[in-house]
**Q** 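Please read through the structure below; I'll follow up with questions.
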Amino acid sequence: MLKIQNYIDGKLVDAISGASLPNIDPSEGRAYSMVPDSDAKDVELAVQAAKEAFLTWSIMPAEKRSAVLSRIADFIERDIQELARAESIDNGKTLSLALSLDIPRAASNIRFYATGALHFSSEAHITGNEAVNYTLRVPTGVVGCISPWNLPLYLFTWKIAPALAAGCTVVAKPSELTPMTAYLFSKLCVEAGLPPGVLNIVNGLGGKAGQAIIEHPEIVSISFTGGTVTGKKIAATAAPMLKKLSLELGGKNPNIIFADCDLKKAINTSIQSSFLNQGEICLCGSRILVERSIYEQFLNEFVLEVKKLRVGDPLEQDIQVGALVSEAHMNKVLGYIELAQNEGGVIRCGGKRAKISGRCEDGYFVQPTVITDLDYKCRTNQEEIFGPVVTVAPFDSEEQAVAMANSTTYGLAATIWTENLSRAHRIAAQVKSGIIWINCWLFRDLRTPFGGMKQSGVGREGGWDAMKFFTEAKNVCIKI
Ligand code: NAD
């Protein structure tokens, strides 16, 4: 069985203890590779390698850092087929999505920050004719980057690219559920000539390898993407150590549809925003709020389209909904569907585990599910499900739509559908989310700030925000 390895000090190595964990292919429900079960000793090795590498990487001319990162981006593009297939097998997502979204975006992340390194500059402030101040941005040091399983290489690179571009060295941990593409990525780093120790990848469990990264006194900044509960735990450890923290956490995003929208577009995009990647995207719109005058029409047409979605073997070309990432996660999602029914919800379509014949007969598939008739304050409408499950509810006024949208503890993203420009601005201003899409969804410009309000996170990624996170401002004042 294929053995994934850690990447420490430029070398591919096993966990020091020799321990490993089974890595499951969720579409077949069986282990297909082994992943190192690393602990604090492996993290210690990685930190020491990163510390040593920081001495040269942090002062290397930006052009050189940029060149090696660009080579890595080239190699991702060269190996897109192999990486996409690996991502699909490891996560359960469809191969077509990995080919069109995950892997191209991983290459874009690296390339975006490879060029960003060339343009990141100091500021100067002239204080009359008395002084000149210049503000340097110095890399913070060895940083920890911890990423989740839903968009494995995409989110892994989204964190490490700005850290490396800014001159930091990194100890990173991918999710133990989806370690494969980070492993393949480490081989590309070796091939591209990334100096040893600049990036270190330590695999293993969150509570063990992950916690050791958070606790390590020589790791000065932590960039984390994952669940809100984990984020709070990380903050509880890191805050008393006065570490810099960037937390990208969960969501329960509203998708607000007004009667004056382009209904066809709203339905087509809502299918995507509900079920893309099996609904396992933090930005998915899991609460669809529809103005009452078009509620029945929307619901009927939406459910008709949902029923057409093809669920099945993620490696097959025309499949739109693949497997959920793990058995535990599938059971959590099915548990929420049961809860919804107990709360009075009506299942309009789906609602069950999907049985696929052949290779995937033991896989973790759930039918795309639409639920109505729930109070917006019930648990189903307040807690993150993170699967192919959406609720649909009517509203009567702008005020009510905004109140429903803002009723959860989360504030990551929201989508608004209306052809009325004034209304679009008015609602965007009132919805408490870090990201608002109007008449579109998941339309991304990597320069824009990315992150959530309330329990959806702390800080922003993207553009200069990420480069600033991985650097400290140092002001030098020269008296003339
Ligand atoms: P998770 O919190 O269980 O795990 C995320 C990562 O943290 C994994 O690598 C895990 O091993 C690690 N981890 C767990 N406990 C840890 C600890 N004590 N110390 C250090 N590391 C630890 O999340 P998940 O289930 O992998 O991902 C799903 C969640 O991620 C959802 O809530 C989703 O909304 C969120 N998410 C948010 C964004 C965003 O940008 N806001 C993007 C994607 C996913």
Side-chain angles (χ1 to χ4, degrees), residues 21 23 26 35-40 43 90-91 93 101-102 105 109 144-159 171-179 182 201-216 219 222-238 241 243 245-253 276-286 324-326 328-330 332-333 336 383-387 408-413 433-435 442 444 449-462 465-466:
L21 304 159
N23 184 31
V35 59
D37 180 7
S38 312
D39 59 27
V43 171
D90 215 24
N91 168 277
K93 68 176 69 224
L101 178 75
D102 292 75
R105 174 61 194 275
N109 289 340
C145 294
I146 298 187
S147 48
W149 49 257
N150 63 324
L151 298 163
L153 192 63
Y154 172 138
L155 289 174
F156 183 80
T157 50
W158 183 233
K159 297 197 166 302
V171 177
K173 195 191 86 61
S175 169
E176 59 273 32
L177 298 177
T178 52
I201 303 177
V202 182
N203 286 283
L205 300 169
K208 201 155 122 186
Q211 187 70 21
I213 292 173
I214 308 299
E215 284 173 2
H216 200 291
I219 292 183
I222 305 285
S223 174
F224 169 79
T225 298
T228 296
V229 172
T230 316
K232 286 183 183 176
K233 196 156 177 227
I234 286 173
T237 307
M241 299 177 83
K243 298 190 179 202
L245 269 181
S246 166
L247 301 173
E248 296 295 336
L249 310 177
K252 188 75 181 172
N253 310 308
L276 194 72
N277 205 43
Q278 300 71 245
E280 295 169 325
I281 300 183
C282 55
L283 305 164
C284 277
S286 54
L324 298 197
V325 73
S326 68
H329 188 58
M330 175 186 70
K332 177 186 151 186
V333 171
Y336 270 108
E383 298 176 15
E384 187 183 45
I385 300 174
F386 215 56
T408 74
T409 54
Y410 295 107
L412 186 55
S433 298
I435 302 154
L442 204 56
R444 293 278 292 122
F450 179 91
M453 296 180 180
K454 303 197 277 183
Q455 307 268 306
S456 287
V458 176
R460 293 292 180 272
E461 297 186 321
D465 285 280

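None of the values given here were measured: they were computed from a predicted structure. Whatever order the structure lists them in is the order used to number ligands and atoms, beginning at 1.
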**Q** In the protein, which heavy atom is nearest to atom 18 (N) of ligand 1, and how far is it?
**A**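 Nearest protein contact, heavy atoms only, for atom 18 (N) of ligand 1 is Gln211 OE1, 2.9 Å.
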**Q** What atoms of ligand 1 come closer than 4.0 angstrom to any heavy atom of Asn150?
**A**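 Result: 43 (C), 44 (C).
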**Q** Numbering the atoms of ligand 1 from 1, which are under 4.0 Å from a heavy atom of Gly227?
**A**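 Answer, ordered by atom number: 1 (P), 2 (O), 23 (O), 29 (C), 30 (O), 32 (O).
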**Q** Within a distance under 4.0 Å of any heavy atom of Pro174, pick out the atoms of ligand 1 and give their elements.
**A**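 Listed by number with element, the hits are 9 (O).
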**Q** Measure across Gly204 and Lys173 and return the closest heavy-atom pair with its distance rounded to 0.1 Å.
**A**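 Where Gly204 meets Lys173 most closely, the heavy atoms are O-NZ, 2.8 Å.
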**Q** Where the closest heavy atom to atom 27 (O) of ligand 1 is concerned, which of Ser147, Cys145, Pro148, Gly144 has it?
**A**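 When every heavy atom of Ser147, Cys145, Pro148, Gly144 is considered, Pro148 comes closest to atom 27 (O) of ligand 1.
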**Q** Asn91 and side chain to side chain contact (heavy atoms under 4.5 Å, CB included): which single residue from Leu153, Leu177, Asn277, Asp102 fits?
**A**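 Exactly one pass, corresponding to Asn277.
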**Q** Has ligand 1 got any nitrogen or oxygen that is less than 3.5 angstrom from a nitrogen or oxygen of Thr228?
**A**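 In this structure, Thr228 places no N or O atom under 3.5 Å from an N or O of ligand 1.
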**Q** Which value, rounded to the nearest 0.5 Å, describes the distance between Gln455 atom CD and Glu384 atom CD?
**A**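 Answer for the CD-CD pair, Gln455 versus Glu384, is 12.0 Å.
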**Q** Looking at every heavy atom in both Leu245 and Ala235, which two are closest together, and how far apart are they?
**A**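 Closest approach of Leu245 to Ala235, heavy atoms only: CD1-CA, 3.7 Å.
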**Q** In Å, rounded to the nearest 0.5 Å, how long is the span from CD1 of Ile234 to CG of Leu247?
**A**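 CG of Leu247 is found 7.0 Å from CD1 of Ile234.
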**Q** Specify side chain, backbone, both or neither for Val229, according to which of its non-hydrogen atoms lie closer than 4.0 Å to ligand 1.
**A**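 Neither; nothing of Val229 gets under 4.0 Å from ligand 1.
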**Q** In ligand 1, which numbered atoms sit nearer than 4.0 Å to a non-hydrogen atom of Ile214?
**A**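 Matching atoms, with element in brackets: 19 (N), 20 (C).
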**Q** Looking only at protein heavy atoms, which one is nearest to atom 28 (C) of ligand 1, and how far off is it?
**A**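 For atom 28 (C) of ligand 1, the nearest protein heavy atom is Phe386 CE2, 3.7 Å.
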**Q** Is the contact between Thr237 and ligand 1 made by the side chain, the backbone, both, or neither, using heavy atoms and a 4.0 Å cut-off?
**A**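 The answer is neither.
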**Q** Note the single closest protein heavy atom to atom 26 (O) of ligand 1, along with its residue, its atom name and the distance in Å.
**A**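 I find the closest protein heavy atom is Trp149 CD1, 2.9 Å.
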**Q** Quick one: do Lys159 and Ser147 satisfy side-chain hydrogen bond (donor to acceptor under 3.5 Å, both in side chains)? Show the steps, please.
**A** CA-CA 8 Å; Lys159 297 197 166 302; Ser147 48; over 6 Å; no
**Q** Would you name the heavy atoms of Gly250 and Thr228 that are closest together and state the gap between them?
**A**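 Distance-wise, the nearest heavy atoms are N-OG1, 3.2 Å.
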**Q** Compare all side-chain heavy atoms of Leu151 with those of Trp158 and state whether any distance is below 4.5 angstrom.
**A**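 In short, these two side chains do not touch, never coming nearer than 4.5 Å.
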**Q** Is a side-chain donor-acceptor pair under 3.5 Å present for Asp90 with Asn23?
**A**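 Present: a donor and an acceptor within the cut-off.
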**Q** To the nearest 0.5 Å, tell me how far Phe224 CZ sits from Cys145 SG.
**A**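 Reported to 0.5 Å precision, the distance equals 12.0 Å.
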**Q** Answer side chain, backbone, both or neither: which part of Ile146 comes under 4.0 Å from ligand 1, heavy atoms only.
**A**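 Contact part for Ile146 vs ligand 1: side chain (C-beta onward).
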**Q** Write out the residue and atom name of the closest protein heavy atom to atom 40 (O) of ligand 1, then the distance separating them to 0.1 Å.
**A**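 Result for atom 40 (O) of ligand 1: Phe450 CE2, 3.3 Å.
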**Q** Identify, for atom 20 (C) of ligand 1, the protein heavy atom at the shortest distance, and state residue, atom and that distance.
**A**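 Looking at atom 20 (C) of ligand 1, the protein heavy atom closest to it is Gly210 C, 3.2 Å.
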**Q** Is a donor on one side and an acceptor on the other found under 3.5 Å between the side chain of Asp465 and the backbone of Gly459?
**A**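 No, because the side chain of Asp465 does not come within donor-acceptor range (under 3.5 Å) of the backbone of Gly459.
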**Q** What's the shortest heavy-atom distance between Lys454 and Thr408, and which atoms?
**A**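 For Lys454 versus Thr408, the nearest heavy atoms are NZ-O, 2.8 Å.
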**Q** Name the closest protein heavy atom to atom 11 (O) of ligand 1, giving the residue it belongs to and the distance to 0.1 Å.
**A**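 For this ligand atom, the closest protein heavy atom is Glu176 OE1, 2.6 Å.
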**Q** Would you check whether Leu155 has a nitrogen or oxygen atom less than 3.5 angstrom from a nitrogen or oxygen atom of ligand 1?
**A**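 No; the residue has no nitrogen or oxygen that sits under 3.5 Å from a nitrogen or oxygen of the ligand.
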**Q** Give the numbers and elements of all ligand 1 atoms closer than 4.0 Å to a heavy atom of Leu412.
**A**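 Taking each heavy atom of Leu412 in turn, ligand 1 has 41 (N) under 4.0 Å.
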**Q** Using every non-hydrogen atom in the two residues, find where Ala40 and Ala212 come nearest and quote the distance to one decimal.
**A**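 Shortest heavy-atom contact: CA-CB, 3.8 Å.
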**Q** Does ligand 1 have any atom sitting under 4.0 Å from a heavy atom of Gly451?
**A**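 Judged by the 4.0 Å heavy-atom criterion, Gly451 does not count as contacting ligand 1.
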**Q** What heavy-atom pair brings Pro174 and Asn203 nearest, and what distance separates the two atoms?
**A**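 Minimum heavy-atom separation between Pro174 and Asn203: CG-OD1, 3.4 Å.
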**Q** Counting heavy atoms only, which part of Glu384 comes closer than 4.0 Å to ligand 1: side chain, backbone, both or neither?
**A**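 Side chain only.
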**Q** Please report whether ligand 1 has a polar contact with Ser456, defined as an N or O pair separated by less than 3.5 Å (distance criterion only).
**A**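 For ligand 1, there is no N or O atom that lies under 3.5 Å from one belonging to Ser456.
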**Q** What protein heavy atom sits nearest atom 2 (O) of ligand 1, and how far off is it?
**A**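 Result for atom 2 (O) of ligand 1: Thr230 OG1, 2.6 Å.
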**Q** With heavy atoms of Lys173 as the reference, note each atom of ligand 1 found under 4.0 Å away.
**A**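 In order of number, 9 (O), 10 (C), 11 (O).
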**Q** Consider every N or O of Thr225 and every N or O of ligand 1, then say whether any pair is closer than 3.5 Å.
**A**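 N/O-N/O distance below 3.5 Å does not exist for this pair.
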**Q** Give me the residue, atom name and distance of the protein heavy atom closest to atom 36 (N) of ligand 1.
**A**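 It is Cys282 CB, 3.6 Å.
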**Q** Does atom 4 (O) of ligand 1 have a protein heavy-atom neighbour under 4.0 Å away?
**A**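 No.
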**Q** Do Ser433 and Asn253 come within less than 4.5 Å of each other through their side chains, counting heavy atoms only?
**A**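 In short, these two side chains do not touch, never coming nearer than 4.5 Å.
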